> 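Below you will find the structure I want to go over with you.
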Amino acid sequence: MDINKLRHSLAHILAHAIQELYPEIKFGIGPAIENGFYYDFEFPKSQNPKPEDLPKIEKKMKEIIRQNIAFKKKLISKTDAKKIFKNQPYKLELIEELKGKKISTYQSGKINQGSQFIDLCQGPHLKSSKEIDLNSFKLTKIAGAYWKGLEKNKMLTRIYGVAFETKKELSDYLKTQQEAEKRDHRLLGQKLELFLSDEEVGAGLPIWQPKGTILRKNIQDYLYRELISQGYEWIISPHIGKLNLWKTSGHWNLYRENMYSPIKIEEEEYMIKPMNCPFHVKVLQSKVRSYKDMPVKYAEFGTVYRYERSGTLHGLTRVRGFTQDDAHIWCTSEQTKQEVTKLLKNGLKILKTFGFKDFEIYLSTRPEKYAGNLAGWQKATNILKQVLQELKLKWQVDPGGGVFYGPKIDIKIKDSLGRLWQCTTIQVDFNLPERFNITYIDQKGKKQQSIMVHRALLGSLERFIGVLIEHYAGAFPFWLSPVQARVIPVGKKHEKYAKKIGEELALAGFRIEVKTENETLSKKIRTGEVEKIPYLLIVGDKELKAKTVSLRKRGKGDIGQIKQSQLCQKFLKELKN
RNA sequence: GCCGAUGUAGUUCAGUGGUAGAACGCCAUCUUGGUAAGAUGGAGGCCGAGAGUUCGAUUCUCUCCAUCGGCUCCA
């Protein structure tokens with residue numbers, strides 16, 4: 001069975017049920033979507049359904065399905081269609097827009113015989129509702145949605161459902177959803193004391209707690225070393241800059257809606273930075289550059305602030321202040337392809353070290369609001385396309401998804417539950433070099449304009465860590481864990497030995513805690529497991545006598561004793577995995 | 001920003017037009033433990049903020065703030 005046919009047919013049946021329950025209803029559209037379907041409606045005032053009404057609607061749908069109604073395609077003229085849908089303003093709008101003389105409609109149920117429903121529709125549909133398993137679908141939520149997805153349009157009421165061929169697939173899906181909820185980084189972030197958000201501080205402004213800060217630093221330290229080995233130099237730039245800087249860069253013209261209002265300092269206006277690029281350009285321009293210097297690569301953990309509308313904020317994955325692992329590469333136009341190729345390769349390598357294995361790659365083209373000339377856009381887009389083709393990567397186009405100054409390649413990473421997150425972005429820019437007159441001296445002693453590549457591999461530390469938390473369900477690999485091991489003495493008399501072990505490991509650079517609280521062993525172990533610490537080191541009489549520790553691995557239980565003298569080595573080995 | 005829901009202890013939640021309760025967590029004492037919750041006791045709340053209705057509001061109304069699910073937008 002074609003699952004989309006099933007889902008789309010269920011959308012019709014939903015509309016059919018709504019028609020029966022709310023005769024005054026105005027219909028929007030109702031397509032099949034990933035995992036299910038939805039249908040948009042305009043309910044008469046004060047009749048908007050509440051979540052409590054979903055079971056009632058679902059029941060009605062089942063009644064209709066049991067009638068074994070057939071879906072019949074019918075081609076009719078525009079004039080006839082307008083008559084049939086004369087009370088349906090949204091449908092009339094769609095009819096107006098349709099090209100061709102004949103309009104495709106689908107009818108379910110028999111005209112003049114019991115319940116029936118007719119909709120403007122391309123199809124295809126199931127033959128009959130007989131094919132639907134009554135227990136394989138479920139209405140899930142009610143939400144507002146703009147007509148045609150345009151903000152200036154009226155907001156309709158959307159009812160979502162999930163649907164599968166079999167009851168088992170539905171329950172598997174619901175289980176996965178539950179698992180995803182358990183992994184929610186907002187929940188785990190609080191439980192594991194990684195970060196917090198505070199009403200008084202403001203929306204979208206997370207505060208990093210000690211453990212989250214360690215996690216963040218681990219990531220930064222790794223990138224710091226890695227990028228130096230790849231020829232980058234690290235810089236630091238201020239958080240605000242004069243308005244004029246942003247006028248030169250083009251942000252004031254094309255990115256203003258994402259920026260916060262100017263701050264006045266001694267009659268001069270300053271902007272909080274939404275991007276780091278202009279500052280990086282300044283560092284580049286502090287010297288005359290030769291072709292021999294190219295490419296020049298500057299990296300920064302640059303904290304930026306962007307105005308995000310309140311409704312779009314979400315945990316760490318969508319915030320108003322965030323730190324990009326930002327970098328800019330200036331190169332000759334001949335070097336561009338090679339540099340983008342390196343970036344893409346290294347980007348994927350770095351993502352893999354964080355445990356991500358599956359990716360989706362997008363080529364985002366020129367948006368509506370853009371700077372620069374079309375020829376430049378074409379050239380830059382072609383370079384990106386060539387790189388993708390030569391690396392034999394699977395990719396797709398995101399039309400109009402580019403940034404105002406150039407096209408980009410985005411990598412969405414797939415987490416352990418198969419959900420996609422946009423992190424990596426590589427953007428080719430020929431526009432800022434023009435605006436800032438960024439040049440280098442070529443072999444003949446002449447000035448040449450350079451190409452500028454913007455890139456963030458993790459995207460932002462906030463979003464990346466949010467995704468990382470969900471990917472690992474909070475159980476981070478050894479090298480990332482805020483606390484790598486906790487030493488647990490069985491009784492008071494073992495505390496001295498426990499502290500000694502802790503000190504030795506800490507001296508070797510490991511992040512170790514020693515738990516001396518007055519609790520039972522079981523309780524201390526439980527706490528350690530709940531906190532998702534990779535190793536618990538238990539020491540009691542046995543261990544004290546034999547100069548060993550009992551190792552307990554997260555999620556695996558007791559894995560036996562190890563000589564105290566071999567602990568460091570064991571952990572060093574663990575770091576390399 | 002828009003549509004809808006929610007806001008009570010550190011956390012998860014009960015509850016009421018007459019100024020509050022549970023569980024877990026936290027702290028203390030007892031217990032001196034062998035691989036996922038030992039016992040007892042205690043501290044913690046301007047019931048998100050402001051205004052209104054009322055003799056009286058945590059409870060009803062309005063506004064704001066924040067959170068959640070979507071739409072739209074994005075690293």
Side-chain angles (χ1 to χ4, degrees), chain A residues 38 40 43 48-52 140-160 184 186-187 190-191 193 196-205 257-258 274-275 302 304 306-326 364 401 403 408 410-412 421-425 427 454-464 466-467 488-495 517-531 536-543 550-560:
Chain A
Y38 69 76
D40 286 345
F43 286 86
N48 251 317
K50 299 221 151 97
E52 307 88 89
T140 49
K141 54 197 161 201
I142 299 178
Y146 299 108
W147 167 235
K148 289 183 176 166
L150 295 175
E151 234 179 301
K152 61 177 177 22
N153 285 348
K154 186 153 187 159
M155 185 157 267
L156 306 178
T157 303
R158 176 171 298 178
I159 299 180
Y160 282 94
D184 192 320
R186 293 166 299 183
L187 207 84
Q190 189 190 52
K191 277 194 180 154
E193 297 180 1
L196 51 90
S197 54
D198 185 273
E199 229 181 274
E200 208 172 358
V201 172
L205 301 167
E257 59 192 37
N258 294 296
M275 293 189 191
V304 297
R306 296 183 187 172
Y307 168 65
E308 302 289 351
R309 301 195 293 174
S310 54
T312 65
L313 301 173
H314 183 94
L316 287 180
T317 56
R318 193 73 185 276
V319 290
R320 285 183 173 154
F322 57 96
T323 302
Q324 295 178 304
D325 64 314
D326 205 0
S364 301
V403 205
K408 58 175 182 167
D410 286 331
I411 304 176
K412 293 191 182 182
W421 305 87
Q422 199 207 312
C423 293
T424 305
T425 181
Q427 309 165 346
H454 309 239
R455 50 104 288 188
L457 296 181
L458 309 184
S460 78
L461 290 174
E462 284 73 12
R463 177 174 292 179
F464 190 74
V467 175
I488 300 177
V490 172
K492 245 200 176 86
K493 60 183 175 207
H494 314 115
E495 278 181 13
E517 273 87 355
N518 181 13
E519 284 296 345
T520 58
L521 180 65
S522 293
K523 183 63 179 284
K524 285 187 265 197
I525 282 165
R526 183 186 143 80
T527 310
E529 288 283 346
V530 168
E531 290 178 31
L536 300 179
L537 315 177
I538 288 111
V539 292
D541 287 337
K542 276 195 299 213
E543 291 82 3
S550 281
L551 267 179
R552 188 186 161 100
K553 196 168 181 172
R554 178 181 59 202
K556 297 257 178 349
D558 190 355
I559 57 168

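What you are looking at is a predicted structure, and each value in this text was computed from that prediction instead of being measured. Residue numbering restarts at 1 for every chain, and letters A, B, ... go by the order of the sequence lines. The basis for the numbers below is simple: all heavy atoms, side chains too, and nothing from hydrogens, waters or symmetry mates.
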> Between A203(A) and L313(A), which heavy-atom pair has the shortest distance, and what is it?
CB-CD1, 3.5 Å

> Taking O4'-C1'-N9-C4 for purines and O4'-C1'-N1-C2 for pyrimidines, is G41(B) syn (within 90° of 0) or anti?
anti

> Using the P atom on both, measure U11(B) against G70(B) and round to a whole Å.
24 Å

> Provide, to the nearest angstrom, the distance between the CG atom belonging to L196(A) and the P atom belonging to U11(B).
10 Å

> Does the structure show a Watson-Crick or G-U wobble partner for G69(B), both distances under 3.5 Å? Name it, or say none.
C3(B)

> To the nearest Å, give me how far apart CD (E52(A)) and P (U6(B)) are.
9 Å

> For U31(B) versus U40(B), give the span between their P atoms, rounded off to a whole number of Å.
15 Å

> How far does the P atom of A5(B) sit from the matching atom of G10(B), given to the nearest Å?
28 Å

> Find the partner of A75(B): check Watson-Crick (N1-N3 plus N6-O4 or O6-N4) and G-U wobble (N1-O2, O6-N3) distances, both under 3.5 Å, and reply none if neither fits.
none

> Could you work out the separation of U16(B) and A57(B) based on their C1' atoms and round it to a whole Å?
11 Å

> What residues form a salt bridge (Lys or Arg N to Asp or Glu O under 4.0 Å) with D326(A), not counting sequence neighbours?
none

> How far does the C1' atom of C64(B) sit from the matching atom of G1(B), given to the nearest Å?
16 Å

> Just by protein heavy atoms under 4.0 Å, how would nucleotides 67-75 of chain B read 5' to 3' in B, S and -?
SSBBBBBBB

> How would nucleotides 33-48 of chain B be written as a contact map, 5' to 3', with B for base contact, S for sugar-phosphate-only contact and - for no contact, using protein heavy atoms under 4.0 Å?
BBBBBB----------

> Once side chain to side chain donor-acceptor pair (under 3.5 Å) is applied, do any residues pair with R318(A), and if so which ones, sequence neighbours excluded?
E308(A)

> Residues two or more places apart in sequence or in another chain: which of them pass side chain to side chain donor-acceptor pair (under 3.5 Å) with T527(A)?
none

> Kindly write out the residues that satisfy side chain to side chain donor-acceptor pair (under 3.5 Å) with Y146(A), not counting sequence neighbours, or none if the list is empty.
none

> Using the C1' atom as the reference point in each nucleotide, state the distance between A22(B) and C65(B) in Å, no decimals.
29 Å

> If you apply the rule side chain to side chain contact (heavy atoms under 4.5 Å, CB included), what do you find for R552(A) with E529(A), and how did you get there?
CA-CA 10 Å; R552(A) 188 186 161 100; E529(A) 288 283 346; 2.8 Å; yes

> If we ignore hydrogens and angles and just use 3.5 Å, is the side chain of R463(A) paired with the main-chain N or O of Q422(A) as donor and acceptor?
yes

> Find the partner of G17(B): check Watson-Crick (N1-N3 plus N6-O4 or O6-N4) and G-U wobble (N1-O2, O6-N3) distances, both under 3.5 Å, and reply none if neither fits.
none

> Go through T424(A) and D410(A) one step at a time and tell me if the side chain to side chain contact (heavy atoms under 4.5 Å, CB included) criterion holds.
CA-CA 6 Å; T424(A) 305; D410(A) 286 331; over 6 Å; no

> Between U58(B) and A49(B), how many Å separate the two C1' atoms, rounded to a whole number?
13 Å

> Q190(A) side chain to L196(A) main-chain N or O, any donor-acceptor pair under 3.5 Å?
no

> Going by purine N1 to pyrimidine N3 plus the second Watson-Crick contact, or the G-U wobble pair, all under 3.5 Å, which nucleotide sits opposite U29(B)?
A39(B)

> Using both distances under 3.5 Å as the test, list the Watson-Crick or G-U wobble partner of U53(B), or none.
none

> For G540(A), is there any backbone N or O sitting under 3.5 Å from a side-chain donor or acceptor partner on E543(A)?
yes

> Need the pair for C64(B). Rule: Watson-Crick or G-U wobble, both distances under 3.5 Å, any strand; none if unpaired.
G48(B)

> How far, in whole Å, is A20(B) from C26(B) if one measures between their P atoms?
27 Å

> Who does A22(B) pair with, Watson-Crick or G-U, both distances under 3.5 Å?
U12(B)

